[in-house]
Number of protein chains: 2
Amino acid sequence: MTVIFSKKCEYGLQAVLYLAANMFDDVVRVDVIAQELNIPKEFISKILQSLREHGIIDSKKGKTGGFALAKSPSQIKLIDIVEAIDGLSIFNSCVLGFPNCNPDHPCPVHDKWGKLRTEAYKMLSEETLDKFRDKTLDKIKNL
Amino acid sequence: MTVIFSKKCEYGLQAVLYLAANMFDDVVRVDVIAQELNIPKEFISKILQSLREHGIIDSKKGKTGGFALAKSPSQIKLIDIVEAIDGLSIFNSCVLGFPNCNPDHPCPVHDKWGKLRTEAYKMLSEETLDKFRDKTLDKIKNL
DNA sequence: TTATTTTCAGAATTTTTTGTCTGATTTTAA
DNA sequence: TTAAAATCAGACAAAAAATTCTGAAAATAA
């Protein structure tokens, strides 16, 4: 099997995009997020807690509790979520699994892959959550 | 954690590149491959068997046995190994983990990610093993 | 033919990732 | 003040991926 982001990270990205698209709500309960996105409640709950520890989202406890973004959507980049959950190792470790893959001792595909990787990193670093609101709403609606 | 190719696939790519770089040998024993690449012998053995079933490499049993490419290096593309081991799901499943991600119901990053993915696929489909011989030899030497 | 050396096949084990359960803590509404 | 409804924390369980083990089968050299 092949993966880009872990399931945790995929779900984390989905949830944060969902929160960004629902800014008009004060907070959103974890069971609403879980239901809307078809993610096991207890699992997304753990992921949201970890994103809170990383300062990406805020939580409110108690009867009227739930989750909301910690900052405005325009201040949160996709890479922030990826970094918080999966880390950035994908962007500096060898795609062929060779150790010490660097310009001095490059793996056979070092140059070609490095270019693609840089583009991916750039995309995730440039795009902020506010740019996705409409597309997220549309996607959720058709889930 | 984040992964592009599974460990199996990484090791498979390494081993096939190694075989391509050592075409002057008739066959290479699995314990030599394992030692040169620092891969557990029993594990790479399994991977090589699976690549043989996919027709990418050949094996010879018995006292003078070992493995060799089934075709000339110029006829084997990187994507062949990826497809045999990890499959091509990475190239047509949603990077955010959304179901039914397609042009009709795209995920928020569908367009931007799709472009990168296509480039990656193109690279892996265009590059054949013969182009990597020198770089592979250099990398192995400095492992 | 026989001993040796290799790949082969499948099961078993370990580790990592994913997902679940239990109960405590916090907050609010009645 | 009390009951209800939410998050929180940590242990637990299940599933998947990675790795190892065991012994058979094949081929060659002596």
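Here is the naming used below: chain letters follow the sequence lines, and residue numbers restart at 1 for every chain.
Between the side chain of B:E36 and the main chain of B:I140, no donor-acceptor pair closer than 3.5 Å is present. At least one donor-acceptor pair under 3.5 Å links the side chain of A:N142 to the backbone N or O of A:D138.
Between A:K8 atom NZ and C:dT20 atom P there is a gap of 14 Å when expressed in whole angstrom units. Distance B:D31 CG to C:dT5 P: 11 Å, rounded to the nearest Å. With rounding to whole Å, A:L51 atom CG is found 15 Å from D:dT7 atom C1'. The distance between atom CD1 of A:I44 and atom C1' of C:dT17, rounded to the nearest whole Å, is 15 Å. Nucleotide C:dC8 holds its P atom 9 Å from the CD atom of B:E53, rounded to whole Å. One interatomic measurement links the two molecules: CG of A:L48 to C1' of D:dA6, which rounds to 13 Å at whole-angstrom precision. Put simply, CD1 on B:I85 is 13 Å from C1' on D:dA18, counting in whole angstrom units. Regarding A:R52, its CZ atom lies at a distance of 11 Å from the P atom of D:dT7, rounded to whole Å.
Candidate nucleotides D:dC8, C:dT20, C:dT18 were compared by shortest atom distance to the side chain of A:K46, and C:dT20 ranks first. Side-chain proximity of B:F43 to C:dG19, D:dT7, D:dT19: nearest is D:dT19.
Taking a 4.0 Å limit (strictly below) on heavy-atom distances, residues 33-42 of chain A does not reach DNA chain D anywhere. If you check residues 11-22 of chain B against DNA chain C, you find no residue with a heavy atom closer than 4.0 Å.
Side-chain N/O atoms of B:S6 and B:E10 include no donor and acceptor closer than 3.5 Å.
The side chain of A:S59 contributes an N or O atom lying less than 4.0 Å from OP1 or OP2 of D:dC8. Between A:R29 and C:dT27 there is no side-chain N or O to OP1 or OP2 distance below 4.0 Å.
In this structure, B:K131 places its NZ atom where more than 12 heavy-atom neighbours from other residues, nucleotides or ligands lie under 6.0 Å away.
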Pairs: protein N or O with nucleotides 12-15 of chain C N or O, under 3.5 Å:
none

Atom pairs under 3.5 Å, N or O on each side, protein against nucleotides 27-30 of chain D: can you list them with distances?
none

Could you pull out all donor-acceptor pairs under 3.5 Å where a side-chain atom in residues 67-75 of chain A meets a protein atom, sequence neighbours excluded?
residue : atom : partner : partner atom : Å
A:S72   : OG   : A:S74   : N            : 3.3
A:S72   : OG   : A:S74   : OG           : 2.9

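The closest side-chain heavy-atom distance from A:V95 to A:L116 is not below 4.5 Å. Between B:L143 and B:K139 the shortest side-chain heavy-atom distance falls below 4.5 Å. When side chains are defined from C-beta on, B:L37 does not count as touching B:Y11, because their heavy atoms never get closer than 4.5 Å.
The pair A:E127-A:K77 does not count as a salt bridge, with every side-chain nitrogen at least 4.0 angstrom from each carboxylate oxygen.
What you find for A:I56 and A:I76 is that their closest heavy atoms are O-CD1, 3.9 Å.
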Please assess B:T118 against B:K122 for the test side chain to side chain donor-acceptor pair (under 3.5 Å), listing each intermediate value before the final yes or no. CA-CA 6 Å; B:T118 301; B:K122 208 172 151 201; over 6 Å; no
Please step through side-chain contact (heavy atoms from CB on, under 4.5 Å) for the pair B:F132 and B:L78, ending with a clear verdict. CA-CA 10 Å; B:F132 296 114; B:L78 291 180; 3.7 Å; yes
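Every pair tested for salt bridge (charged side-chain N to carboxylate O under 4.0 Å, His left out) that includes a residue from residues 39-58 of chain A fails, sequence neighbours excluded, so the list is empty.
Ring planes of B:F5 and A:W113: tilted class, angle from 30 to 60°.
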